[in-house]
Amino acid sequence: MGLQLYNSLSRRKEEFKPLQEGRVGMYVCGPTVYGHAHLGHAKSYVSFDVLVRYLRYLGYTTTYIQNITDVGHLTDDADEGEDKIAREAAKERKHPMAIAEYYTRSFFEDMDQLNCVRPDISPRASGHIIEQIELVRELIEKGYAYEVNGSVYFDVVKFKDYGKLSGRNIEEMVAGARIEPSPDKKNPVDFALWKKAEPNHIMQWPSPWGAGYPGWHLECSVMAMKYLGKTIDIHGGGLENQFPHHECEIAQSEAANGVPFVVTWLHNNMVTVDGQKMGKSLNNFITLKQAFVGEHERLKQAYEPLAVRQLVLNSHYRSPLDFSDAALFAANSGHQKITEAVKAVRKQIKTAAAGELDADVARQLETFKARFEEAMNDDLNTSVALSVLFDLVRLTNRLIESGTTRATLSAIDDLFTKLGGDVLGIVKNDYAEAAGGNDEAVGKLVGVLIDQRASARKAKDFAAADAIRNSLDEAGIALEDKPEGTQWRWK
RNA sequence: GGCGGCGUAGCCAAGUGGUCUAAGGCGACGGUUUGCAAAACCGUUAUUCGUCGGUUCGAAUCCGACCGCCGCCUCCA
């Protein structure tokens, strides 16, 4: 059985079949860049990163598009809402584009840390204003949109499929509307395609309807179409974007093109902190930068970026992830265990005896690979895929203890690299013995102390030996006495 | 109020009709190893899956009620 994905549109798992043999076009809603990325971004982008990686592992040539929203959208859908980027710009006394640029760089930095592959294209909304205006014009021409006072709205009742993704119907929504309907709209559920800009609005562009800026659903439709075509294989995003954002994307795109916009819709679930939804407006979010340095009242220590990644992969992308320091700590310990095993294999390969690949081990590796693929094929069950990796860790450590051939160790390393590295992204290709220029000097100094301690131990002066070990421990360095000698590592 | 989801060991979490007396990780405990540790390995840690009923030869898995929690319906990954 091939890859099965849960399609939010059909509400069931479907066999994945790309429109074009061997090629996949995938679009994922990117961040609005007015603040540093947080744990929620990590869950979303790590989840889709693993999908991209797995598609490539399966041999699909995959084009991955993830937009950058650098045109501020309104803080609410009522007309008096504020532009988020503009608000941040005013606060920091900078140009809105400077804010967008700054947080775009910050975002890429964090995603790199999480070992997410860069999208093939990271299109900016501000760079596609012309295309957006074109789409609005087309929608007006086709009778799906209307202009009022310099703003253009999508006429929702004209698009009969509206609600098919989120399972809503227009009548109920009209009846249950909570916000004051804008007097300009024909219908309260209509949404803005183009907004008239007030004179003091910095981010504005000329258009056939006067100076203004695009509505917040428009960019994704336009950029997905431009780079991937009128119908795309996969569109991903956070669950909270299913409505209204994705529903509106469908309406705009399908009204304009007359063909299905997306074959497979994928939605990842949310991150909660202590059982509470984490959101930018709730002020309870933990940024990735805070997690990486451990500076947050809910964090007891700094955590490796890949530990955060592993925490995300420990549960399913469609399940909510309730964040806690304890959960991160556990993921971190587990990640260290995997890392240590990989390092140990690679180290022993250098000194292992030549010889045939152990047939029994080869068989087990085949089984692991099959179990891994079976799990990933089942709507990306990364939790089970991870468990296979832990089985591989146990096998590895046993073999390292008993000793085996270089070919066998290479086969193990290869599997770690493919499954843990290429697909899950939690195993690195290279582990520097000690990172950074200073560490070489540290290594020498620690080496001197290790020698002194060895002499003390030889002389059975364990008090002196332990004193050295304790001082190093306080400096954050752990010593491990192995058969081949004493090793040190940062704690 | 409308719509959707969830409740599995101390914690995280997979499993969604029989192979489940329920993966995997963390933690804890015991053992091997060690001068002592660390790391690693071996073993133990849910006869039970929110509660109560029902369907079935058979349920953690299906149905109903109840309790608790969460999300969407307004920007948000």
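Just so it is clear, the model here is predicted, and its values are computed rather than measured. Chain letters run A, B, ... following the sequence lines, proteins first, then strands; residues in each count from 1.
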* Structure fact -> Pairs under 3.5 Å (Watson-Crick or G-U), crossing ones as [ ], inter-strand ones as |: RNA chain B comes out as ((((((((.[[[..)..(.....]]]((((((.......))))))....[[[[[..)....]]]]])))))))....
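- Residue pairs meeting the salt bridge (charged side-chain N to carboxylate O under 4.0 Å, His left out) criterion with at least one partner in residues 236-251 of chain A, sequence neighbours excluded, are absent.
- Between A/H235 and A/Y27, the ring planes are tilted. Angles from 30° to 60° get that label.
- Mapped onto RNA chain B by nearest heavy atom, A/F329 and A/C29 fall at different nucleotides, with A/F329 at the one closer to the 5' end.
- Residue contacts for A/V28: at a heavy-atom cut-off of 4.0 Å it reaches no nucleic acid atom on any strand shown.
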* Structure fact -> Heavy-atom contacts, protein to nucleotides 5-19 of chain B, under 4.0 Å, summarised as B (base), S (sugar-phosphate only) or - (none) per nt, yield -------BSSS----
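- Contact check on A/E101 versus A/R105 returns a salt bridge, with a Lys/Arg side-chain nitrogen under 4.0 Å from an Asp/Glu carboxylate oxygen.
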* **Base-contact (B) and sugar-phosphate-only (S) positions in nucleotides 35-40 of chain B, heavy-atom cut-off under 4.0 Å, - elsewhere** => BBBBSS
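- Two residues, A/S387 and A/F48, neighbour RNA chain B, and the one matched to the more 5' nucleotide by heavy-atom proximity is A/S387.
- Contact between the side-chain N/O atoms of A/N332 and the OP1/OP2 oxygens of B/rC26 is not found at any separation under 4.0 Å.
- Using modelled atom types, one finds a donor on one side chain and an acceptor on the other under 3.5 Å when comparing A/Y227 with A/H128.
- Dashed line: the shortest gap from a side-chain N or O of A/S47 to OP1 or OP2 of B/rA77 is not under 4.0 Å.
- Looking at A/N7, its side chain does come within 3.5 Å of a backbone N or O of A/W265 through a donor-acceptor pair.
- A parallel orientation is assigned to the rings of A/H41 and A/Y45, their planes being inclined by less than 30° (bins at 30° and 60°).
- Residues forming a side chain to side chain contact (heavy atoms under 4.5 Å, CB included) with A/D358 (at least two apart in sequence, or on another chain): A/D360, A/V361, A/T408.
- For residues 313-322 of chain A, every residue pair satisfying the salt bridge (charged side-chain N to carboxylate O under 4.0 Å, His left out) rule, not counting sequence neighbours, is listed here: A/R318-A/D379.
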